[in-house]
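Worth knowing before you read on, the calculation uses all heavy atoms, side chains too, and leaves out hydrogens, waters and symmetry mates. Labels below follow one simple rule: chain letters A, B, ... track the order of the sequence lines, proteins then strands, and each chain is numbered from 1.
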Amino acid sequence: MASDETVQPSNFIRNIILEDIRAGKHGGQVTTRFPPEPNGYLHMGHAKSICLNFGLAKGFGGECHLRFDDTNPGKEDVEYVESIQEDVRWLGFDWGAHLHYASDYFDRLFEFAVQLIQSGKAYVCSLSPDEIRQYRGTLTEPGKNSPYRNRSIDENLDLFYRMKAGEFEEGTHVLRARIDMSSPNIILRDPTLYRIRKVSHHRTGNTWCIYPMYDFTHCLSDSIENITHSICTLEFENNRALYDWVLNELDTPCHPQQIEFARLNLSFTVLSKRKLIQLVDQGHVSGWDDPRMPTISGMRRRGYTPHAIHNFCERIGVARRDSTVDMALLEYCIREDLNDKALRVMGVLNPLKVIIDNYPENQVESLEAPYYPDRPEMGSRIVPFSKELFIEADDFIEDPPKKFFRLSPGREVRLRYAYFLKCETVVHDPLTGKVVALHCTYDPETRGGGAPDGRKVKATLHWVSAAHAVPAEVRVYNHLFIKPDPTETPDGQDFISSINPDSLQVLNHCMIEPSLANADTNTRYQFERLGYFCLDSRDSRPDALIFNRTVTLRDEWEKIKKQAAT
RNA sequence: UGAGGGAUCGUCUAGCGGUAGGACGACGGGUUCUGGCCCCGUUAACCGAGGUUCGAAUCCUCGUCCCUCAGCCA
């Protein structure tokens, strides 16, 4: 059984917190936060951050807040704030009473900005966006002071209040911190704190027409919420100087510690919001919850479990170096969980008709098959057996290669939970020569799958009774991209050119055992010998079942075939 | 080449002056009414060069390579 009491492995952030607690910092408290901007759906990269922040808080007896960083109304939407909450909850985390929005702090943030102006640490700059860029300098050359840098405090105050009152057009004025235009850290060259945006906000409506920037908002929001450890990704490393500057210049409740870690990269997929949006908008996938997407909603629909995602996030660790985790590890984690949870059933993806010549016409037997072969006490279902069956087309080869030990002419195999079956003759399509059916015989002495004479077979096949099978559609998924790093593309091409044309295969003629007729969305199934499957929560209907393949089983035969091919 | 970061098995990660360990993958074997699960084994790493030390992945020096920053995005 997979266990929930997973040992939290050591990582540098845990070590920092451990040391802080030992030193009595923050009074021994640990409060973290997960601060998404509601401008897209959550993906596996967010899952890493969610598990880290909520996991740390839980592990140290603290709390983790969910805070929407909603300071850019033009790009944000309630659709996203809803999906984000659903996804975090689905992952199994609880923010308790701590659901916050940066927009809840707009009044206080404004007051902080006034404070900064009053202490001469901020000014209203009336340069155009283009001029600001030119004045900023470059990586190697210092910037130069804005001509508006020395406005009086009174003038700045007046202008700032008038910005708030809506007297100016977008782009005409901004509030800037007065720090150092020649700082080697470009972030510190009088960064913008507030800009004018005459757009409605999804929570504050038209109350505001000036909105605070990330660097000003985030540190103050953390402080207002008494966050002790503000964990973010590496690209904010340079911003830490500004995070600390703002909190040092202002009289704030506390000064949280910003700690950066490396964001998650996963092979054969992309984990950047910008790229995921592009996949959705350009129709390369059916939506944010397309089962091929590395989004939480996509993976949920695909059949991934919260438990598997937790385990994955623990196994990948947390560090400061850029890295790309092998997709095989994610697949290992979901197999590990589903191996424990999934009901074993039989379904044939590519049916091949089998006629058992010596089986009585019109006879139907009811065979009992356990849902969990390793734990038969967990229940079973009845599987009908009759003269005509379907087996997997891949399980028969007329002229078998070495090491293939499934069915071929003259060879005997076992039908799972049923009888030994021997292939006698092969029926071909007269036009194409394709194999269309097999005439076989069975051994009545082997009912249940055992041979009284002790003879062995080298393979056991899954099957369904043709007369009783339920037709179904099965969607099998492969990597969304053909390359481990989709962004590694030939000249001029972008990552879209790396999309795998076979990432989705729809199989319309599948035959599944009758017990699956009342399959439900919450149950995970293993189609024996094939993989793990679940009902598609969006498209499946009771009279037209659609299954998603979550992941294949490990497949030794695939490997042998590949080895033989090389 | 301004500033800030980072380099440990193929991949991810531990290590905090004292035998470089784990996981995934790969490879081989055992078991098996799933070529699954499970079990056993093998493979395989400290970016380089110096230095300090009885002893260096760890401390120091000098290199090399990689990442981030020039939004009124976050």
Side-chain angles (χ1 to χ4, degrees), chain A residues 9-11 15 35-37 39 69 71-72 74-75 125 127-129 132-134 136-143 170-176 182-189 191-197 210-211 213-215 217-218 232-241 260 262 264 267 273-274 314-333 335-336 339-340 344 346 373-374 403-406 413-418 420 446 448-451 456-462 484 526-531 552-560:
Chain A
S10 156
N11 67 56
N15 293 343
E37 183 189 12
N39 68 344
D69 226 327
T71 57
N72 189 8
K75 289 187 175 170
C125 181
L127 252 22
S128 70
I132 287 184
R133 193 180 324 122
Q134 281 159 15
R136 188 153 31 225
T138 68
L139 294 179
T140 50
E141 306 160 79
E170 290 187 14
T172 55
H173 306 277
V174 291
L175 183 73
R176 290 230 255 170
S182 62
S183 170
N185 181 355
I186 293 179
I187 301 283
L188 260 18
R189 317 242 259 233
T192 301
L193 267 23
Y194 268 89
R195 76 289 212 189
I196 299 168
R197 278 285 174 279
I210 56 172
Y211 292 93
M213 299 285 288
Y214 165 85
D215 285 304
T217 308
H218 202 89
C232 62
T233 43
L234 246 28
E235 65 268 28
F236 292 101
E237 229 171 327
N238 297 324
N239 299 55
R240 189 173 65 236
E260 311 87 16
L264 172 66
S267 61
K273 253 188 220 174
R274 209 210 101 245
E314 261 156 35
R315 283 165 195 269
I316 59 177
V318 181
R320 283 179 70 86
R321 89 183 81 145
D322 296 312
S323 60
T324 300
V325 176
D326 195 332
M327 181 64 88
L329 181 60
L330 219 207
E331 293 176 345
Y332 172 85
C333 289
R335 285 191 189 109
E336 180 188 46
N339 177 52
D340 191 53
R344 309 296 131 124
M346 293 192 286
D374 298 334
K403 290 188 185 168
F404 179 86
F405 40 84
R406 274 111 93 147
V413 297
R414 172 170 35 234
L415 294 173
R416 183 80 158 150
Y417 300 124
F420 282 16
T446 58
K456 304 277 186 202
V457 288
K458 286 169 89 175
T460 299
L461 308 188
H462 61 278
Q526 183 195 106
F527 290 4
E528 290 208 52
R529 305 207 304 130
L530 296 176
T552 62
L553 254 30
R554 275 186 62 212
D555 191 344
E556 198 69 23
W557 171 236
E558 265 313 307
K559 249 193 245 175
I560 294 168

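- Considering only side-chain N and O atoms, A:S323 lies under 4.0 angstrom from the phosphate OP1 or OP2 of B:U13.
- With sequence neighbours left out, A:F404 forms a ring-ring contact (aromatic ring centres under 6.0 Å, His included) with A:W557.
- A straight line from CG of A:N11 to C1' of B:C16 spans 15 Å, rounded to a whole angstrom.
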Can you give one letter per nucleotide of nucleotides 65-74 of chain B, going 5' to 3': B for a protein heavy atom under 4.0 Å from the base, S for sugar-phosphate only, - for none? --SBBBSBSB
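- We find that A:R320 and A:E237 are joined by a salt bridge, their nearest charged nitrogen and carboxylate oxygen being less than 4.0 Å apart.
- Side-chain contact between A:P35 and A:Y214: absent, with no pair of heavy atoms (C-beta onward) separated by less than 4.5 Å.
- In this structure, a donor-acceptor pair under 3.5 Å is present between the side chains of A:D215 and A:N239.
- Residue-level contact check: A:G74 touches neither bases nor backbone, having no heavy atom under 4.0 Å from any strand.
- In this structure, the CG atom of A:L330 is 12 Å from the C1' atom of B:C12, given to the nearest Å.
- With a 4.5 Å cut-off on side-chain heavy atoms, A:R406 and A:L461 count as touching.
- With sequence neighbours excluded, no residue forms a ring-ring contact (aromatic ring centres under 6.0 Å, His included) with A:H462.
- Side-chain atoms of A:T233 never come within 3.5 Å of backbone atoms of A:E235 as a donor-acceptor pair (strictly under, hydrogens ignored).
- Using N1 to N3 plus N6-O4 or O6-N4 for Watson-Crick, or N1-O2 and O6-N3 for G-U wobble, each under 3.5 Å, B:A14 pairs with nothing.
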Quick one: what's the B/S/- string for nucleotides 21-27 of chain B, heavy-atom cutoff under 4.0 Å, read 5' to 3'? --SS-SS
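- Under the ring-ring contact (aromatic ring centres under 6.0 Å, His included) criterion, A:Y332 pairs with no residue, sequence neighbours left out.
- Nucleotides B:U68 and B:C39 place their C1' atoms 46 Å apart, quoted to the nearest Å.
- Residue contacts shown for A:F404 include a base, since a base heavy atom lies under 4.0 Å away.
- The CZ atom of A:R321 sits 11 Å away from the C1' atom of B:A45 (whole-angstrom rounding).
- Among the heavy atoms of the strands lying under 4.0 Å from A:T324 are primed sugar atoms or P, OP1, OP2 only; no base atom is included.
- Regarding A:H462, its NE2 atom lies at a distance of 13 Å from the C1' atom of B:G35, rounded to whole Å.
- Pairing for B:C69 is with B:G2, a Watson-Crick or G-U wobble pair whose two hydrogen-bonding atom distances lie under 3.5 Å.
- Comparing A:K458 and A:T140 against RNA chain B, the residue whose closest nucleotide sits nearer the 5' end is A:T140.
- The base-pairing partner of B:A20, taking Watson-Crick or G-U wobble contacts with both distances under 3.5 Å, does not exist among the strands shown.
- If you measure from atom CZ of A:F405 to atom P of B:U32, you get 14 Å, rounded to the nearest angstrom.
- The CZ atom of A:R414 sits 13 Å away from the C1' atom of B:G35 (whole-angstrom rounding).
- Legend: residues meeting salt bridge (Lys or Arg N to Asp or Glu O under 4.0 Å) with A:R414, ordered by chain and number and at least two apart, are absent.
- Here B:G55 sits opposite no nucleotide as a Watson-Crick or G-U wobble pair (both hydrogen-bonding atom distances under 3.5 Å).
- Put simply, CD on A:E528 is 17 Å from P on B:U32, counting in whole angstrom units.
- B:C47: Watson-Crick or G-U partner is B:G63, with both key distances under 3.5 Å.
- Remark: C1' of B:G36 and CZ of A:R406 are 12 Å apart, rounded to the nearest angstrom.
- Base pairing of B:G28 is made with B:C40, judged by Watson-Crick or G-U wobble geometry with both donor-acceptor distances under 3.5 Å.
- For B:G71, the O4'-C1' to base torsion is within 90° of 0; the nucleotide is therefore syn.
- A donor-acceptor pair under 3.5 Å is formed between the side chain of A:R189 and the backbone N or O of A:R136.
- B:C9 makes up no base pair with any nucleotide shown, lacking Watson-Crick or G-U wobble contacts both under 3.5 Å.
- No engagement by A:E260 is indicated, since no non-hydrogen atom pair under 4.0 Å with the nucleic acid exists.
- A:E336 and A:R315 are joined by a salt bridge, as a carboxylate oxygen and a charged side-chain nitrogen come within less than 4.0 angstrom of each other.
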